[in-house]
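A note on names: the letters A, B, ... follow the listed sequences, proteins ahead of strands, and every chain is numbered from 1.
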Amino acid sequence: MAAAKAALTEYERRRLENIKRNEEMIASIKRKANDLSTLIKSSKRKPHRIAKPGKTPVVLRRSLRSRGISPDSAQETAIPTTPSPPVSLAKQKGPLRIVDDFVATLAATILDAEENAPLHRRVESLQNEVESWNPASALSLVPENTRRLLAGRILTVCFFPFLDRRLLAVGDKYGNLGFWDADFGESEGDGSYVYTPHSAPVSGISLHPFSSSKVFTCSYDGFIRLMDVGETVFKMIYSTEDSIFSLIHHPNNTKSLYFGEGQGDLKMWDESAGKISSSWDLHEQRINTIDFNRYNANLMATSSTDGIASIWDLRKIHSKKPECITTAQHARAVHSAYFSPSGTCLATTSIDDTVGILSGPSFDNWTTIKHFNQTGRWLSSFRAIWGWDDRFLFMGNMRRAVDIITVEDKNIVPLESPFMTAIPCRFAVHPQRVGLLAGATAGGQIYIWS
DNA sequence: GTAGCTCTTAGTCGT
DNA sequence: ACGACTCCAGAGCTAC
């Protein structure tokens with residue numbers, strides 16, 4: 001009890017600090033972008049649908065092609081044999097400045113939402129809401145909640161934790177980072193913001209736990225970048241020759257950023273020290289996901305293409321090749337391993353066509369659920385994610401549907417919609433709002449069920 | 001042990 | 001409506 005109270009106080013203290021900082025930032029950004037803002041307000045044109053051909057610079061705005069819009073500039077059509085987006089500035093090391101008319105709007109949205117968000121959603125009220133919630137009847141999709149945001153296959157989706165604003169961050173194959181503000185004002189723009197901080201697939205997005213204006217991304221290009229919307233810059237946090245496949249903040253120790261690099265390495269970047277402070281060789285092949293148990297943040301789960309999902313105790317991984325608490329051995333590559341909301345189960349997804357559930361006091365009880373997971377090479381692999389309690393899992397279905405798995409009886413109900421024109425393969429649940437589920441496709445679309 | 005080849009698969013875009 | 005193109009996933013195979 002005492003610990004929980006202390007944690008809350010710490011949380012509140014940090015939030016108040018952030019709010020103060022954000023106020024200053026908003027003022028600063030609004031000052032800096034005053035001309036641009038008036039420009040936006042006075043025009044009815046839609047953000048990011050306008051070409052700016054011929055502009056050179058450090059602009060990180062996406063090309064039209066990669067946005068899924070046919071290119072109309074002579075420059076681009078002149079090179080029809082180059083299907084991939086133009087060689088991006090994202091390849092260079094060091095910070096990338098964001099030169100964009102609309103980033104001020106995005107920054108103000110994020111900073112405002114963060115400032116106005118209730119200090120803490122009561123866990124109990126969330127639980128009451130969850131108990132009476134039933135996905136099959138509660139989830140529906142309407143056309144306004146679908147959008148093609150990016151051109152490439154989406155690998156990552158992430159909700160901002162705002163109660164009153166449905167804001168998503170999404171990463172695709174081309175290194176694009178897209179934001180979709182589904183509650184954007186009607187008359188101005190369409191709530192889309194697209195940047196290109198990377199030159200290869202964006203494999204992970206992690207928001208700073210106490211400051212949503214700090215968006216960390218990792219990529220196959222070997223970079224970890226930090227989009228600090230308050231400073232309108234993509235900082236470079238870390239770079240390596242290997243690919244980076246997964247990224248997550250430690251939920252309590254917010255200055256620790258864990259990421260999976262190369263053939264099975266897990267590294268920890270220490271924000272205070274500004275360097276890598278730990279490195280372990282946990283797997284034989286790439287680490288696809290990293291997750292922390294929210295009721296015992298010393299427990300960390302990894303999933304790897306080597307066919308193994310493991311649970312580690314951070315207090316006991318001192319050596320270079322540490323021992324794990326439990327492993328789930330799949331027949332083939334494991335694409336995800338996520339702790340359930342209560343922290344008592346671990347759900348794994350493998351292309352051996354099973355979803356595994358580890359449960360029991362020491363996670364030694366193992367059951368599997370059959371599920372077709374052969375996505376092929378053009379779709380992102382399926383990952384079963386938990387809903388808002390331990391009852392349901394959500395994941396993709398090759399028949400253009402969302403599969404809702406009831407863990408208790410292993411029953412699978414597909415959720416279909418005429419507005420779903422492609423197979424959703426990556427998902428995110430809203431951390432604060434029960435019944436808000438986002439799915440993303442290989443064609444760059446996003447769907448928000450509610 | 002590993003480098004190299006081959007097959008699978010969905011969706012977009014251009015005609 | 002159809003065909004070309006995508007192409008850093010993963011596995012199984014062969015050859016060294």
Side-chain angles (χ1 to χ4, degrees), chain A residues 62-73 76-88 90-91 146-156 170-176 178 198-204 218-223 240-246 260-265 283-289 303-309 329-336 348-354 371-383 395-402 416 419-426 439-447:
Chain A
R62 243 0 245 124
S63 75
L64 285 176
R65 177 190 295 280
S66 65
R67 298 222 54 241
I69 303 155
S70 48
D72 56 354
S73 87
E76 280 186 301
T77 47
I79 332 164
T81 48
T82 310
S84 51
V87 178
S88 90
K91 279 193 175 157
T146 69
R147 167 161 308 187
R148 183 161 194 223
L149 182 68
L150 301 174
R153 194 180 94 225
I154 290 172
L155 287 84
T156 331
V170 181
D172 85 353
K173 188 183 73 163
Y174 295 123
N176 295 319
H198 293 284
S199 60
V202 179
S203 47
C218 69
S219 166
Y220 289 14
D221 67 13
F223 292 161
T240 172
E241 292 302 305
D242 288 320
S243 289
I244 300 172
F245 297 104
S246 40
E261 172 182 327
Q263 299 288 96
D265 287 351
H283 287 275
E284 294 297 314
Q285 290 178 63
R286 53 189 263 183
I287 296 171
N288 293 309
T289 60
S303 66
S304 168
T305 296
D306 67 9
I308 294 169
Q329 175 77 57
H330 277 274
R332 290 165 70 185
V334 191
H335 275 282
S336 66
T348 62
T349 307
S350 165
I351 64 168
D352 68 4
D353 286 341
T354 59
H371 189 274
F372 185 78
N373 295 334
Q374 305 304 308
T375 49
R377 84 186 282 189
W378 311 122
L379 269 63
S380 296
S381 54
F382 288 157
R383 292 174 174 177
M395 68 187 301
N397 174 316
M398 289 303 272
R399 289 180 54 251
R400 287 186 185 166
V402 183
E416 291 168 319
F419 307 115
M420 202 158 42
T421 55
I423 297 165
C425 26
R426 293 289 160 94
T441 75
Q445 293 97 341
I446 307 175
Y447 307 116

Taking atom [atom2] of [N] as reference, at what distance in whole Å does atom [atom1] of [X] sit?
| X | N | atom1 | atom2 | value |
| --- | --- | --- | --- | --- |
| R148(A) | dG11(B) | CZ | C1' | 9 Å |
| R399(A) | dT9(B) | CZ | P | 17 Å |
| H330(A) | dG10(C) | NE2 | P | 14 Å |
| H283(A) | dG10(C) | NE2 | P | 14 Å |
| H198(A) | dC8(C) | NE2 | P | 17 Å |
| Q374(A) | dA11(C) | CD | C1' | 10 Å |
| Q263(A) | dA9(C) | CD | C1' | 13 Å |
| I351(A) | dC7(B) | CD1 | P | 19 Å |

Describe, in one word, how the ring planes of H198(A) and F223(A) are oriented to each other, choosing from parallel (under 30°), tilted (30 to 60°) and perpendicular (over 60°). tilted
Would you say R286(A) reaches dC8(C)'s phosphate, i.e. side-chain N/O to OP1/OP2 under 4.0 Å? no
Just to confirm, is there a sub-4.0 Å distance from OP1 or OP2 of dC7(B) to any side-chain nitrogen or oxygen of R377(A)?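 R377(A) to dC7(B) OP1/OP2: no side-chain N or O under 4.0 Å.
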Could you point out which residue of Q263(A), Q329(A), Q285(A), H283(A) forms a side chain to side chain donor-acceptor pair (under 3.5 Å) with D306(A)? H283(A)
Taking side-chain contact (heavy atoms from CB on, under 4.5 Å) as the criterion, tell me which of D172(A), L155(A), I154(A) meets it with P201(A). L155(A)
If you only use heavy atoms from C-beta on, which nucleotide in dC7(C), dA11(C), dC8(C) is closest to the side chain of Y174(A)?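 Out of dC7(C), dA11(C), dC8(C), the nucleotide with an atom closest to Y174(A)'s side chain is dC7(C).
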Candidate nucleotides dA10(B), dA11(C), dC13(B), ranked by approach to the side chain of I423(A) - the nearest: dA10(B)
Distance-only, no hydrogens or angles: does the R383(A) side chain make a donor-acceptor pair with backbone N or O of H335(A) under 3.5 Å? yes
5'-most contact on DNA chain C: K173(A) or H335(A), nearest heavy atom basis?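 Result of the comparison: K173(A).
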Here's a test of your reading of the structure: between S243(A) and Q285(A), which maps to the more 5' nucleotide of DNA chain C? S243(A)
According to a cutoff of under 5.5 Å between the ring centres and under 30° between the ring planes, does W378(A) stack with the base of dC7(C)? no
Taking the C1' atom in each of dC8(C) and dC13(B), what is the distance between them to the nearest angstrom?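 23 Å, rounded to whole Å.
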Got a sec, which residues hit side chain to side chain donor-acceptor pair (under 3.5 Å) with Q374(A), two or more places apart in sequence or on another chain?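 Checked Q374(A) against side chain to side chain donor-acceptor pair (under 3.5 Å); matches are D353(A).
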Which part of the nucleic acid, if any, lies within reach of A422(A) when heavy atoms closer than 4.0 Å are counted: base, sugar-phosphate only, or nothing? sugar-phosphate
